[in-house]
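Here's the structure we're looking at; comments come further down.
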Amino acid sequence: MKDLTNTFGNLYQPVKALLIMQKTGNDHQSDFYIESYDMDVSGCPINGHPLSIQESHKLAKALQVNEKKAQGFLNPKGLMPPNVLTINSSSSGFAVWHTPPQQIKLLFIESLGIPSGMAHVPAMVWKAGKNSLQVFAVTETDFTEDTLLYHAPYFNVYPDGRVCMGNVQISIPKDCGLEQFMELWQSDFFNSYFSHLFGGHQPVKGNIVQLWQHLTESGEQFPTDVLIPNKFQIKHLIR
């Protein structure tokens with residue numbers, strides 16, 4: 001069997017186990033006894049003993065550190081960046097932001113017949129959490145809740161904007177600030193190889209392979225008239 005442990009993120013080894021016991025009876029619901037166990041080399045609990053004051057302090061400190069990291073998630077360094085549309089900074093939160101039309105390096109698998117290289121892309125709207133990303137194209141520069149979104153004109157994107165990141169390793173720190181968060185997702189998206197469409201989804205008018213062949217070779221601005229509206233507006237992303 002193939003060893004997959006190297007493909008995971010951080011690995012954690014058990015070092016301590018707590019057994020929480022509650023005194024029986026309705027009059028003792030706040031009466032608890034906590035027993036602490038060490039772990040042997042194979043991860044089995046040994047040496048059971050009452051939780052000590054020193055162990056309690058270490059546990060409380062660890063919980064405080066994790067709480068502070070969670071509280072730092074999606075916090076901006078200073079003023080809110082002007083391209084941010086909304087943020088939800090809870091531990092399972094998300095950010096929605098937009099980027100202007102730009103020229104950027106795109107990567108395509110060889111079998112598509114599209115040369116990897118610099119190309120102009122349209123203005124985009126991004127929605128990302130710690131483990132997921134949605135992308136859309138947009139033609140407007142002034143945003144409201146009713147701003148219409150278009151299918152992102154790329155491979156690897158589902159009709160609802162969800163991005164298949166393939167073998168790209170997603171690693172968003174618990175205390176990731178807003179600016180770093182946006183930079184990481186944009187870098188991960190544009191540094192992954194575009195490879196395939198999903199089912200019968202056609203994200204642009206016409207042939208998407210010919211479109212990107214032309215744009216990577218000509219250096220022309222992205223033609224927004226090939227974009228196809230989808231069912232989403234900004235308001236569907238921020239709620």
Handout entry: Test item: S187 side-chain N/O and E183 main-chain N/O as donor-acceptor pair under 3.5 Å
Key = no
Handout entry: Straight-line distance of I46 CD1 to Y37 OH, nearest 0.5 Å
Key = 11.5 Å
Practice task
Is it possible for you to say whether W126 and M80 belong to one hydrophobic cluster, with membership spreading through side-chain heavy-atom contacts below 4.5 Å?
Solution key: yes
Practice task
State, with a plain yes or no, whether a side-chain heavy atom of Q186 is found less than 4.5 Å away from one of M124.
Solution key: no
Completion exercise
The reported gap from NZ in K130 to CD1 in I172 (rounded to nearest 0.5 angstrom) is 9.5 Å
Exercise for the section: Check whether any side-chain N or O of Q233 sits under 3.5 Å from a backbone N or O of D146 as a donor-acceptor pair, and report yes or no. Expected result: yes
Completion exercise
Nearest heavy-atom approach of I228 to K205 is CD1-N, 3.7 Å
Problem - Heavy-atom donor-acceptor pair, T216 side chain to S116 backbone, under 3.5 Å - result: no
Practice task
Flag the pair L215 / H120 as yes when at least one side-chain heavy-atom distance between them is below 4.5 Å, and no otherwise.
Solution key: no
Handout entry: F189 ring center near F194 ring center (under 6.0 Å)
Key = yes
Practice task
Indicate, with yes or no, if the rings of Y193 and F155 have centres closer together than 6.0 Å.
Solution key: no
Problem - Side chain E179, main chain K77, donor-acceptor under 3.5 Å - result: yes
Exercise for the section: Starting at CG of L227, measure out to CZ of F136 and round the result to the nearest 0.5 Å. Expected result: 13.0 Å
Handout entry: Results of side chain to side chain donor-acceptor pair (under 3.5 Å) for W185 - residues two or more places apart only
Key = none
Problem - From L148 atom CG to K231 atom NZ, the distance as rounded to the nearest 0.5 Å - result: 13.5 Å
Exercise for the section: For the pair F222 and W212, evaluate ring-ring contact (aromatic ring centres under 6.0 Å, His included) and give the outcome as yes or no after the intermediate values. Expected result: CA-CA 9 Å; F222 188 92; W212 286 113; 5.7 Å; yes
Problem - Donor-acceptor pair, side chain of Q103 and main chain of M118, under 3.5 angstrom - result: no
Handout entry: Nearest atoms (heavy-atom pairs only) where L74 meets G93
Key = CD1-C, 4.3 Å
Problem - Close side-chain approach of H236 and L149, heavy atoms under 4.5 Å - result: no
Problem - Separation between CG of D160 and CZ of F198, rounded to the nearest 0.5 Å - result: 10.0 Å
Practice task
Might you confirm whether atom CD of E110 has over 12 heavy atoms from other residues, nucleotides or ligands at distances under 6.0 Å?
Solution key: no
Practice task
Could you tell me whether the side chain of T147 and the main chain of T144 form a donor-acceptor pair under 3.5 Å?
Solution key: yes
Practice task
Could you check if a side-chain atom of V163 sits within less than 4.5 angstrom of a side-chain atom of Y154, using non-hydrogen atoms only?
Solution key: no
Problem - Side-chain heavy-atom pair L106, V121 within 4.5 angstrom cut-off - result: yes
Exercise for the section: Compare all side-chain heavy atoms of V204 with those of P223 and state whether any distance is below 4.5 angstrom. Expected result: no
Practice task
Mark yes or no: K127 above the aromatic ring of F232, with NZ or CZ under 6.0 Å from the six-membered ring centre and no more than 45 degrees from the axis.
Solution key: no
Handout entry: Distance, nearest 0.5 Å, that separates CD1 of I104 from CG of N191
Key = 7.5 Å
Handout entry: Other residues, nucleotides, ligands: >12 heavy atoms within 6.0 Å of K105 NZ
Key = no
Exercise for the section: Give a yes or no answer on whether the side chain of H98 reaches the backbone of V125 with a donor-acceptor pair at less than 3.5 Å. Expected result: no
Exercise for the section: Establish, from distance only, whether the side-chain atoms of N83 and T99 form a donor-acceptor pair under 3.5 Å. Expected result: no
Exercise for the section: For residues M39 and P45, determine if any side-chain heavy atom of one lies less than 4.5 Å from a side-chain heavy atom of the other. Expected result: yes
Handout entry: Side chain N156, main chain S195, donor-acceptor under 3.5 Å
Key = yes
Problem - Residues which pass side chain to side chain contact (heavy atoms under 4.5 Å, CB included) with P101, listed by chain and number, not counting sequence neighbours - result: A123
Handout entry: Pairwise side-chain contact, R162 with S132, heavy-atom cut-off 4.5 Å (strictly under)
Key = no
Practice task
Take H151 and V157 through the test side-chain contact (heavy atoms from CB on, under 4.5 Å) and record every step on the way to the result.
Solution key: CA-CA 9 Å; H151 290 290; V157 181; over 6 Å; no
